[in-house]
Asker: 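For reference, the structure I am asking about is given below.
Protein chains get the first letters and strands the later ones, always in sequence-line order, with residue 1 at the start of each.
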Amino acid sequence: MASRFNPLKADAAWQKAWEENRTFAARDDSPKPKSYVLEMFPYPSGRIHMGHVRNYTMGDVLARFRRMKGMEVLHPMGWDAFGMPAENAAMEKKVHPGAWTRQNIATMKAQLKRLGFALDWTREIATCEPDYYGQEQSLFLDLYEAGLVYRKESAVNWDPVDMTVLANEQVIDGRGWRSGALVERRKLNQWFLKITDFADDLLEGLQGLEHWPDKVKLMQENWIGKSEGLQFTWSLSNGEGLTVYTTRPDTIFGASFVAIAADHPIAQQLAAGNPEVQAFIERCKQGGTTAAELETQEKLGWNTGLTAQHPFDANWQVPVYIANFVLMDYGTGAVFGVPAHDQRDFEFATKYALPIRRVVSEGDKTAAEFDGSEAYTGPGTLVNSHFLDGLDVAEAKREVIRRAEEGNWGTGSTVWRLRDWGVSRQRYWGTPIPIIHCEDCGPVGVPKDQLPVTLPEDVSFDVPGNPLDRHATWKHVDCPKCGKPARRETDTLDTFVDSSWYFLRFASQPSDQPFDKAVAEQWLPVGQYIGGVEHAILHLLYARFFTRALRHIGRIDVAEPFAGLFTQGMVTHASYYQLEEHDGLERKLYFEPTQVSFRADGSAYLTDTGAEVTVGRVEKMSKSKKNTVDPTEIVDQYGADATRWFVLSDSPPERDLEWSESGIEGAWRFVNRLWRLFDGLENAEGEDKDLDRKLHRTIAGVAEDIEALTFNKAVAKLYELTAAIEKAKPSASRTAAIRALVRIVAPMVPHIAEEAWAALGETGMIADAAWPEVDPALLIDDEVTIAVQVNGKLRDTLVMPKGAAKDIVEAAALASDKIVRSLEGKAPRKIIVVPDRLVNIVA
RNA sequence: GCCCCUGUGGCGAAAUGGUAGACGCAUUCGACUCAAAAUCGAACGCCGAGAGGCAUGCUGGUUCGAGUCCGGCCAGGGGCACCA
């Protein structure tokens with residue numbers, strides 16, 4: 001045996017051996033129990049960063065561990081390859097998005113391979129390849145056929161200078177990121193998937209997800225947002241009816257105005273003959289489409305002069321406003337305002353001097369005159385509300401709904417916060433939507449024998465906008481139904497569609513269909529899905545929906561795609577930037593951590609030029625903020641095992657981790673300590689009971705920690721075991737412990753484990769070896785340390801035989817000198833004994 | 001603005017409501033060495049000579065006992081439907 005471990009040599013040798021033996025290729029026909037371990041596939045942004053290393057190492061340890069436990073493991077990898085950054089690169093660097101993306105994939109694949117992940121590369125997928133997105137187009141057509149796809153108008157961020165649609169990320173402080181123009185909301189006809197058809201099912205389904213974090217289920221529940229409400233119609237002074245939705249029908253007597261969206265038909269009607277209304281409506285369209293922006297912008301209203309008649313009082317009229325905070329997309333595009341009990345309405349009423357009338361009591365406050373400085377949204381009893389007085393909020397809601405239905409002017413209905421999923425993107429680098437628009441036939445699906453609809457290669461990104469739309473020939477096709485000249489849909493699909501079924505394609509990838517039902521069902525659902533917590537809502541909800549939709553059309557008998565979910569914390573890092581002025585507007589120009597140096601006072605400058613840079617927030621590593629850290633240097637210097645061990649150590653995986661390299665030296669030291677143990681293996685005689693116990697407790701504990709993905713605890717246990725072995729005198733126990741240690745550390749540091757396995761003369765590869773057996777008899781202690789407290793404060797500890805009777809423990813505690821001293825002669829009033837743990841004497 | 005999460009030594013952290021700080025990093029001292037590296041041993045929350053006291057963001061509560069449960073704050077992070 002060589003006396004020093006050479007990670008660079010060992011890494012390369014074993015990675016080659018695994019590849020040549022196809023060690024990690026999952027067999028569909030294996031008789032072993034199957035396990036599907038999946039990490040969220042990466043966007044090929046350029047190079048991998050520490051967040052990727054953390055994510056994929058966690059999944060890898062679990063995959064390798066389950067193999068050792070005798071399972072057939074599917075652990076695949078692919079690329080979420082469509083997306084905006086490729087088009088940005090095309091604009092900035094004059095490269096084709098496809099070329100840029102494929103180059104990034106090649107780079108990142110090599111980086112992943114360098115870390116020795118137990119991945120089945122035979123199933124690799126890139127969503128930007130026609131054999132993937134063509135199958136996606138076929139699924140889209142199936143969903144269209146089933147009525148789960150439809151078209152409607154919806155708002156986008158419009159840059160009036162570049163004449164293009166902007167993503168939310170491209171809107172900075174209300175302006176287009178390139179043009180600097182004030183962004184406005186504009187309506188486009190777009191494709192939608194009917195996720196709301198499954199709202200109830202998606203909500204109910206959360207109940208059964210036992211192996212999902214509670215916080216994710218809670219976030220999804222809130223996102224879906226089921227609430228019971230009332231839809232009813234106000235009679236307007238112009239004789240028309242105005243239908244509103246409310247989740248607070250109980251506050252009906254607190255109404256002081258009705259507000260409609262700027263694009264509500266009634267508002268449009270008023271604008272037709274009134275330039276002032278028209279101007280106001282234009283003003284409402286300013287700004288982007290995000291909820292954060294809409295909810296924090298200044299509340300604007302326009303009194304239409306119309307009034308609405310209160311449903312319970314023919315003599316009570318409230319004014320009708322057009323307001324910028326009412327959205328046509330939600331409910332009916334009209335609401336009634338109750339200033340005393342809704343903060344937004346409160347601000348609006350304060351601004352426009354509308355009455356604020358209390359109808360829900362707050363403690364002993366019951367006067368109709370509202371005296372608060374903000375709306376009261378808590379529980380209470382109804383007041384100033386005629387027949388509702390004295391009821392609580394829930395009772396009052398039911399009563400109003402009952403009367404509305406009885407009087408035939410409204411209906412109780414379930415309201416969902418969840419909206420249908422808009423999947424149209426006015427961009428090139430995505431899956432073409434397989435639809436042809438015909439003047440006579442309307443939208444017609446591309447016949448399946450003409451799939452895939454591939455992206456044209458000859459496109460330019462010299463001007464803003466969608467290259468598909470201005471391509472000379474691509475969109476001109478004949479209608480598949482009537483044969484007349486027609487127009488191909490030039491929008492592409494949201495990349496979240498690509499990531500909503502990739503786990504099915506990993507399980508089965510025939511060339512003639514998206515996946516084989518029977519084969520996919522052998523692997524699904526994914527046993528353990530691991531990815532960043534930032535995907536807690538959108539990606540995970542879309543994937544859950546898409547799987548249900550596929551079940552609905554009979555493609556698969558699985559409702560929930562991910563049985564187990566683990567959301568890892570993000571790897572964060574400070575960002576560095578300079579403020580740059582451009583056409584009178586300030587913007588941030590970001591720099592990579594490697595470009596920056598620091599002075600003693602913490603201030604930062606560019607290493608090359610000495611120019612000052614601002615140290616920004618500590619936030620998740622992302623390409624756009626350039627605050628990523630590339631693992632290459634670390635892997636080159638310390639090897640894959642030390643790098644893997646390092647990212648598993650210390651920080652609990654669900655918690656965010658601010659990146660720091662301090663500690664990598666410790667990981668490297670540990671790898672070398674292991675090697676010294678493996679290298680110095682002696683064949684000694686004799687038993688070491690304490691070491692046997694330590695070993696078996698570690699085998700059991702590490703197994704538990706790996707399944708629970710609490711790797712930091714597994715690492716701590718392995719440090720303890722290693723220290724114990726190092727200190728132990730030679731014995732048969734010690735020899736056995738070292739041989740077992742090779743296997744226990746194998747999932748985490750597989751290269752050194754293979755090297756040691758071979759050197760110790762074991763047969764085959766450790767990747768195929770079994771996890772060591774635990775002797776349950778060795779898990780039990782015969783002695784325990786019992787804490788003795790007086791009034792809850794620790795005063796002494798006792799070593800007692802395990803399972804000692806309560807009275808014996810109590811007597812021993814009272815006999816202790818320290819306890820006698822602490823009691824100062826006071827008589828115990830009460831003694832609490834927790835078996836094998838503690839005694840608390842209350843005096 | 002709304003939803004979710006996090007907060008413990010110099011740092012990363014551990015702790016079924018039951019001995020707060022396991023394990024690692026850094027630091028200091030010692031051994032080995034001509035020397036250095038590597039390695040090994042020891043110390044290491046704060047105050048105090050000691051006995052002991054004080055400590056888990058702040059604050060109030062429940063409990064024999066709270067880092068852990070509940071209420072109110074503060075700070076940081078994530079998501080908010082076109083970043084992925």
Side-chain angles (χ1 to χ4, degrees), chain A residues 40 42-43 45 80 82-85 88 156-157 165-171 190 195 213-216 218-223 225 288-297 325 329 343-344 347 417-427 494-496 499 532-539 541-542 567 569-570 572 617-620 622-624 646 649-652 654-658 660 662-667 669-670 672-673 676 712-713 715-720 723 726 785-789 791-797 821 829-832 834 837-843:
Chain A
M40 292 178 185
Y43 176 77
S45 55
D80 188 13
F82 275 136
M84 219 172 46
N88 294 336
V156 293
N157 302 305
V165 176
L166 298 177
N168 287 334
E169 193 188 53
Q170 298 171 314
V171 179
Q190 311 202 65
I195 189 171
D214 287 339
K215 66 170 174 181
V216 174
L218 187 58
M219 279 190 267
Q220 293 217 351
E221 185 182 325
N222 291 339
W223 185 263
T289 58
T290 68
E293 193 170 340
L294 294 170
E295 282 169 39
T296 52
Q297 71 187 351
F325 60 84
D329 291 347
Q343 187 58 26
R344 199 179 53 185
E347 286 165 30
R417 207 187 77 95
L418 183 68
R419 308 200 300 264
D420 275 334
W421 177 13
V423 293
S424 290
R425 298 292 180 272
Q426 295 70 42
R427 281 198 273 279
D494 180 4
T495 56
F496 274 127
S499 53
V533 65
E534 68 271 26
H535 294 292
I537 297 176
L538 290 180
H539 161 60
L541 189 64
Y542 289 145
T567 52
M570 281 160 302
T572 61
R617 297 198 303 139
V618 172
E619 56 195 318
K620 78 165 164 168
S622 80
K623 192 81 178 162
S624 59
F646 176 49
S649 304
D650 295 351
S651 220
E654 73 280 2
R655 199 179 293 184
D656 289 350
L657 173 65
E658 187 176 343
S660 144
S662 71
I664 181 69
E665 290 282 350
R669 274 202 289 272
F670 180 70
N672 286 298
R673 277 168 74 191
R676 280 195 295 277
N712 54 322
K713 295 187 213 169
V715 164
K717 290 185 175 86
L718 284 164
Y719 272 119
E720 286 190 46
E726 284 167 343
T785 306
I786 293 174
V788 185
Q789 301 177 328
N791 293 330
K793 287 192 189 265
L794 181 73
R795 295 301 174 192
D796 199 5
T797 57
R821 219 182 314 141
R829 282 191 290 128
K830 188 176 176 184
I831 299 177
I832 288 130
V834 182
R837 282 220 86 109
L838 69 59
V839 180
N840 186 16
I841 300 163
V842 186

Asker: Which part of the nucleic acid, if any, lies within contact of A/V842, taking any heavy atom under 4.0 Å across all strands shown: a base, the sugar-phosphate backbone alone, or nothing?
Answerer: sugar-phosphate
Asker: For atom C1', what is the distance between B/rA15 and B/rA49, given to the nearest Å?
Answerer: 33 Å
Asker: Nearest-nucleotide wise, let me know which of A/Q170 and A/R795 is further upstream toward the 5' end of RNA chain B.
Answerer: A/R795
Asker: When you measure only distances, ignoring hydrogens and angles, does the side chain of A/Q190 come within 3.5 Å of the base of B/rC82 through a donor and an acceptor?
Answerer: yes
Asker: Phosphate oxygens OP1/OP2 of B/rU63: is one of them under 4.0 Å from a side-chain N or O of A/K830?
Answerer: no
Asker: Would you mind classifying the nucleic acid contact of A/T797 as base, sugar-phosphate or nothing, using non-hydrogen atoms under 4.0 angstrom?
Answerer: base
Asker: With a 4.0 Å limit, can you tell me whether A/N712 has a side-chain N or O closer than that to the phosphate oxygens OP1/OP2 of B/rG24?
Answerer: no
Asker: Nearest nucleotide by nearest heavy atom, which residue falls closer to the 5' end of RNA chain B, A/T296 or A/A723?
Answerer: A/T296
Asker: Indicate, yes or no, whether a donor-acceptor pair under 3.5 Å links the base of B/rC64 to the side chain of A/N840.
Answerer: yes
Asker: With a non-hydrogen cut-off below 4.0 angstrom, is A/P652 in contact with a base, only sugar-phosphate, or nothing?
Answerer: sugar-phosphate
Asker: Looking for any heavy atom pair under 4.0 Å, which part of the strands does A/M570 touch: base, sugar-phosphate only, or nothing?
Answerer: sugar-phosphate
Asker: Between B/rG53 and B/rG48, how many Å separate the two C1' atoms, rounded to a whole number?
Answerer: 8 Å
Asker: Rounded to the nearest 0.5 Å, how far apart are CG of A/D650 and CZ of A/R655?
Answerer: 11.5 Å
Asker: Checking only heavy atoms, does the side chain of A/R829 share a donor-acceptor pair with the base of B/rC64 at less than 3.5 Å?
Answerer: no
Asker: With the 90 degree cut-off around zero defining syn, does B/rG9 come out syn or anti?
Answerer: syn
Asker: Quick one: is B/rA14 close enough that its OP1 or OP2 comes under 4.0 Å of any side-chain N or O from A/R655?
Answerer: yes
Asker: Can any side-chain N or O of A/D420 pair as donor or acceptor with the backbone N or O of A/I195 at less than 3.5 Å?
Answerer: yes
Asker: To the nearest Å, how far apart are A/R837 CZ and B/rG65 P?
Answerer: 18 Å
